[in-house]
Structure formats: C-alpha cells, structure tokens
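Values below: every heavy atom of this structure, side chains too, minus hydrogens, waters and symmetry copies. Proteins get letters first, then strands, A, B, ... in listed order; numbering begins at 1 in each.
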Amino acid sequence: MTGDKEILAGCIKGRQDAQRKLFDKYSRLLLGVCNRYAQNLEEAEDILQDGFVKIFLNIKDFKGEGSLVAWMRKIMVNTAITNYHKMRKHRYHDDLEEVSELKFEDHSWGEADFTGEELLKVIRQMPEGYRLVFGLYALEGFKHREIAEILAIDENTSKSQYSRARRWLQEKLIKLKDGEEIVR
Amino acid sequence: MSERMNIEQLVRSKLEGQEITPSPGTWKRIQRRVRWKQFMRFDPGKFNIFYAAGVLVTAAGLIALFQSDPETVRTEDRSRRQGPAPSEMITPVQTDREAADKVPLTGETERGGDTARKNVPAKEEVIVTGDESAREIREQSSGNAATEKPPAEVTRETAVREEGTVREPAYNTLVAYFTSSATSGCAPLKVRFFNQSANHLSTTWIMGTSTPVTGENPAYTFTEPGRHHVTMTAMGEGGQTASFSQVIEVYPVPVADFIIEEGLPGSDGPQTYDLINCSTGAVSYKWQVLGENKNPLEGWASDAFHPSLPAGVLPGQPGFIRLVATNEHGCSQAAVRELPQPPLPAGPQLRFPTAFSPNTAGPTGGLYSPHEKRNDVFHPVFDTEPLDYRLRIYSRRGVLVFETQDIYRGWDGYYLQDRAAAGVYVWMADGKWLNGEEFLLQGDVTLIWSDQR
C-alpha cells in the first residue's frame, strides 16, 4: 500500500502512476460527495472529472494544512457550486416556497430509520437552494459566513435557508417514516 | 438501546462516507484533460507546448542552416530524442506473462534464498497463517488466458509474504491480497476488509451468499453462523484478474432466557425467587442482580443452572436479574428480567374461610397447627397474632354453638359432643391488635359433612 505522502509527492511531480493511485484511492468517496450536490449521477461524474483535473493541476498548491482528503473534498464542493451557478444562472431564491418561521420541534432519529439511499433520494428532492446550504453546513461543515461567500448570498440568508431546509427535510422524513410517502 | 440523534447527525452518519464507484471511462477522460492542460501550460520543468514550439523553431532553423549537410541534422534529431523525456511517458507496460514470472524471482531474492514456496503450478496453494482459522488461498491468472486454457494450466503463484506484510512487487504486476479486521467471531460478525492489492483498477468481493460488491475496503456483517468464504477478485490494467480468498468463521450465539418464579411467601423461611433457566445453546451461566438503574449489585451472584435468589438481597426496592449465557466458543448473550415487586406489607388482618368440613370420626377439640393446610377446623388465617381475640359462632336460630378466646383453637363442627347440623352459621370475631387498634369482623360459614349429601 502506498501512503498518501508518497502519492502526493508523485502527483506533485506530475507522475501518472501516482495520479492514478490517488484517483483509485479517493474517487469513490469523492463521487459520493459530488453526488450530494448533483441532480443525478451523470452530473456528479462530470463534477468529479472537473474536480480531479483541478486537483491534479493544482496539487502543488496543497500546503499540507489539514488532510489531503479534506482539501480534495473542498475542491469537489467548490466545483459542484461552480457547476450549479453555471447551470442555474443564479436564480437562487426562486425555487424556494414560503415557509413560516415558526419554531420547529426537533425530532430525534434512530440509526436504523433510513438507509443512505433513502436519505439521498429525499435530499435530491430538496429545493436547490435548500440542498446546497444544507449540504455545505451539515455535511461539509462550512460556517454560514463561508457559505454566504461561496454562494454569493447574505449570511443571514444562509442561516434562514438552513433552518428552512432542515425543517423541510424533517417533515419529509417524518412522512416517509410513517409510510405516507414512498420515495421513488 | 440505539442512540437517538438529530437530523444533522443522521444525515452525516448515513452520507458522510458514502462511496460510489465512478463509471469505467472516468479515469481516461480525466487523464486526457490533465495531459492536455499540462501541455498547454507554461512550466519550465516539463515538456509542453512552449518546448514543442521551441524545438520546432530550433529544428527549422537548423534545417535551414545545414540543409547541405544531412548527417548533422540526423545527429541533432537524435540528441533531441535523448533530451528530457516527457513526463507523460510511463514505464513500458509489461505483458501478463512477464508480470507473472517476475514476482517469484523478486520474492526469492528478498527472502534470501528461502525456497520453501516456489512458483510451482498447483491447483491451489494453502498457506496456514498464525491464525489457524484463516485459510488463505491465493491465485493469480491472466483474464484472457483463463478463458482460452483449461483451468489447470493457469499460472498460479504463492503469496509474497514475510512477517504478515506484502512486498510491493514490480510495477504493473497485479497482486490480489487483503486483510480483515477479524477472521472469526460471534454472530452477527461485522468484518472490515482491507484491500492490499497492488496495481489493480477495481476489486469485486463475494462474501458468503451476498451479491458481489465493489469497493476498496468494504465491510460486511455475517449474520449466519458457519464458515464463509470471502473472495476478492482484482482486475488489473490489462484486464487480467487475480483472486484471493479467506475464510471467516462465524460462531453461533446462545439464547439467554429465563423466568422468575416467586417462592411461596410467608410459610417457612424467608421468601425466595426461583430463577428458571430457559436458555439454549449455552454451556455456562452467570447470574447477577441489578439495581433499579441496572447497575450490578454486589452480594449475590451465581453460576448455577437454576439458582434460587433469597429475597433479602433486594429489600423492598425494584431490581433486575441478568443472566449471561455463554457457549463453548465464548459467544454470549444476556437476558434481563425485572424482579416481581414484593407485595407491600399490609396491615395485620384475620381471614376466615367460607366453608369447612369437620372430621367425621368425632370431636377433635379444635386445636390446629397454623402451618397445616387442613379444612376440618374452622379458624382464621393470620400473619400476626392479635393481642386480644374472641370468636363466637351462632346457628341460624341464634344459638351460640362455639366460643373461644384462644386464636389457636377453632370450631371442630361439634356441639355438645354431637355433630352440628350441616348448613350456614354466622361468626363474629372481635379483639385488639398489638398496636392497640380494635377489630370487629363478622361473616358466615357453611358447614359440610363430607359423608352426607
């Protein structure tokens, strides 16, 4: 097994076998990341390709701060966002339905309530704006300030979108759990 | 038992590490684009469009200069070819046969002449590792050759192993190998497999009876006891395949089960609970008392099959009994049952039967033993003896047929040495308890002669 360090050194030199190893080692995980921001697997693969090209061309800029995986994840997420802007021409608020600002009771979930597949399907049904903010915050661990920067929105918008996204998802999952809605 | 979590935790737990295998052509497309972009970008250390342009200009200039002397041009040409090699150029691809032949050689030299395992074409090479339960089978075959040749002729080779590690073989030699987090254990056994293959593009895993999965380090939970073969097939760049298998042994788990029977209260000795073991598939048992919060309590434990628990262990508080049943493989299961709540101590009371059937042989005098469960003397049942006590029994006509102030003497059913008539009698009991509280009870009782109908 080749360690990340050797792979990284090889990639910086532009060695193809090292690039190959990096791809083999992380493409599955990173495609999983892309998949959360894409409408379908095809789009996710496009994002993955763009992302890997950026990774290989810019890998010498990786300073070794934090892990290589985290760095690559970030590139993938940024690529996904760029892709989103390209495809949807910035119509950020349009796809959001009006949701009242009432405090929503937090539901607690069990590990076995849903499979990853089911969750992903529900997340894919989320309105775009919700999905991006939710994914960036809940999964990628970005701060609202960073999200606001990435998506070119107000920080407060990010916060309120997030709480709406959360509520939207929660309602969907409760319905799904009660069997009212079958995810296709 | 399972932890509850909020929506973020749920989503993270399910999606954080989710892996999807990219479609086969992805790498090729990325590679093409990277090469093109690298070529188009200026980088003094690499062969790129600027170099190419420079070389062309130089060559054109030289050709123009030495057009009359072809020999010089050829030399210049050669020197260019020997110059800095393009970084995209990779080691020449070895053929499968070369690759297969190369491994044992390096293996032997590295082991310093250890010829214990040679590249002998054999059907199957079994290596017994430190863990006896893990039988590891290693094989390598050319994907193309396998379809053309009979299976017996397919080249197989030994694992290149030393102290549990794999030697990195020469580049491009496909080696299939994996390790696992466990080779045996109790069901359900979750095992993670770590792919240690070299020069593989993809791997496919077959675990037990499951459908094949792809992935680098998959995890699988074996629920069924037994020996499960796990086979990983790695595919190399040339389409050749190599497999490696391992046996995962899953032991059955016993079923721990028991019921709690209350011993008879109040009679002789302190109350006990009888723990009736209903477990199956176990060879040893451990019993424990747990407190209200299910923490183990000291004072009583047992290894017996059907132990008896003295009630005094848990005076007046709720508790649980835990049984851990273990089988010969060391797999165990626990069962926890709540102890029945001991009845709240009620105030002292007297209870009278509603019928009795005297001794037909003659008067007994009415003395009885409190522990004897007989019905030939009419008397109250009680836990605590009253301080004062009087019992009077009247016939329906109002005749006093029996009277006593001795609680240990009841009515034997005779009146003036003769049988009293069968039928209903009215009784009245009065007196005082030890705490000074007075009582007055009354009721009726039916006298039955067992030899009359």
Side-chain angles (χ1 to χ4, degrees), chain A residues 1-2 13-17 19-21 23-36 41-42 44-46 48-57 106-120 122-123 134-135 137-141 162 165-167 169-170 173, chain B residues 1-23 25-38 41 43 45-47 86-91 165-166 168 171-172 177 179 194-203 214-217 237:
Chain A
M1 281 272 281
T2 321
K13 284 187 198 137
R15 285 173 52 120
Q16 206 172 21
D17 57 330
Q19 292 180 345
R20 177 69 205 233
K21 276 181 186 155
F23 177 81
D24 281 348
K25 196 164 174 188
Y26 293 111
S27 61
R28 282 172 294 270
L29 179 76
L30 293 176
L31 186 54
V33 174
C34 297
N35 196 34
R36 300 198 282 263
L41 194 59
E42 208 177 47
E45 291 220 33
D46 285 345
L48 183 80
Q49 279 188 36
D50 289 351
F52 259 112
V53 171
K54 281 187 203 167
I55 287 170
F56 290 142
L57 292 177
D106 214 10
H107 197 87
S108 78
W109 305 94
E111 169 78 31
D113 287 350
F114 304 98
T115 64
E117 278 295 291
E118 286 173 325
L119 272 181
L120 191 63
V122 176
I123 287 176
F134 186 82
Y137 190 85
L139 279 162
E140 262 39 80
Y162 182 74
R166 203 170 181 277
R167 184 181 163 163
L169 187 60
Q170 200 126 259
L173 291 181
Chain B
M1 286 279 272
S2 76
E3 264 178 64
R4 307 302 293 174
M5 45 195 170
N6 68 21
I7 198 148
E8 284 85 0
Q9 290 164 327
L10 174 76
V11 170
R12 231 173 282 144
S13 79
K14 294 290 175 187
L15 298 180
E16 182 102 84
Q18 198 191 37
E19 295 194 348
I20 304 166
T21 307
S23 54
T26 311
W27 166 246
K28 285 251 152 66
R29 283 192 285 275
I30 293 172
Q31 196 183 14
R32 268 201 303 272
R33 286 171 59 186
V34 170
R35 283 166 91 169
W36 178 244
K37 290 216 170 183
Q38 277 177 341
R41 192 159 70 165
D43 182 341
K46 295 218 175 75
F47 181 78
S87 63
E88 290 81 13
M89 289 265 197
I90 54 163
T91 332
T165 59
V166 186
E168 289 259 356
Y171 179 65
N172 253 0
Y177 183 60
T179 55
F194 302 99
N195 190 358
Q196 314 271 17
S197 302
N199 302 311
H200 61 290
L201 292 188
S202 64
T203 44
T214 53
E216 200 64 8
N217 301 320
E237 279 162 300

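- No side-chain heavy atom of B/Trp27 sits less than 4.5 Å from a side-chain heavy atom of A/Ser27.
- Closest approach of B/Glu8 and A/Ala138 over heavy atoms only: CG-CB, 3.9 Å.
- Scored by the salt bridge (Lys or Arg N to Asp or Glu O under 4.0 Å) test, A/Glu45 finds no partners at all (sequence neighbours excluded).
- Rounded to the nearest 0.5 angstrom, A/Arg20 CZ and B/Gln31 CD are separated by 7.5 Å.
- Looking only at heavy-atom pairs under 4.5 Å with chain B, the residue among A/Gln19, A/Glu140, A/Lys54 that has the most is A/Gln19.
- Residues passing the ring pair (Phe, Tyr, Trp, His ring centres under 6.0 Å) test with A/Phe134, sequence neighbours excluded: A/Tyr162.
- For the atom pair A/Arg166 CZ and B/Asn6 CG, the distance stands at 5.5 Å (nearest 0.5 Å).
- The contact between B/Ser13 and chain A is made entirely by side chain atoms (from C-beta outward), counting heavy-atom distances below 4.5 Å.
- To the nearest 0.5 Å, atoms CG (A/Leu48) and CD1 (B/Ile20) are separated by 9.5 Å.
- The shortest heavy-atom contact between B/Val34 and A/Leu57 is O-CD2, 4.2 Å.
- In this structure, the side chains of B/Ile30 and A/Phe56 come closer than 4.5 Å at one or more pairs of heavy atoms.
- Within the 4.5 angstrom heavy-atom criterion, only side-chain atoms of A/Leu41, from C-beta onward, approach chain B.
- Neither the backbone nor the side chain of B/Gln9 comes within less than 4.5 Å of any heavy atom in chain A.
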**OP:** Please assess A/Leu31 against B/Thr26 for the test side-chain contact (heavy atoms from CB on, under 4.5 Å), listing each intermediate value before the final yes or no.
**Re:** CA-CA 11 Å; A/Leu31 186 54; B/Thr26 311; over 6 Å; no

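- We find the CZ-CG distance between B/Arg12 and A/Leu119 to be 13.0 Å, quoted to the nearest 0.5 Å.
- Both the backbone and the side chain of B/Ser23 come within contact range of chain A, judged by heavy atoms closer than 4.5 Å.
- With rounding to the nearest 0.5 Å, the separation of CZ in A/Phe52 from CZ in B/Arg33 is 12.5 Å.
- Distance check, rounded to the nearest 0.5 Å: CG of A/Leu29 to CD of B/Glu216 gives 12.0 Å.
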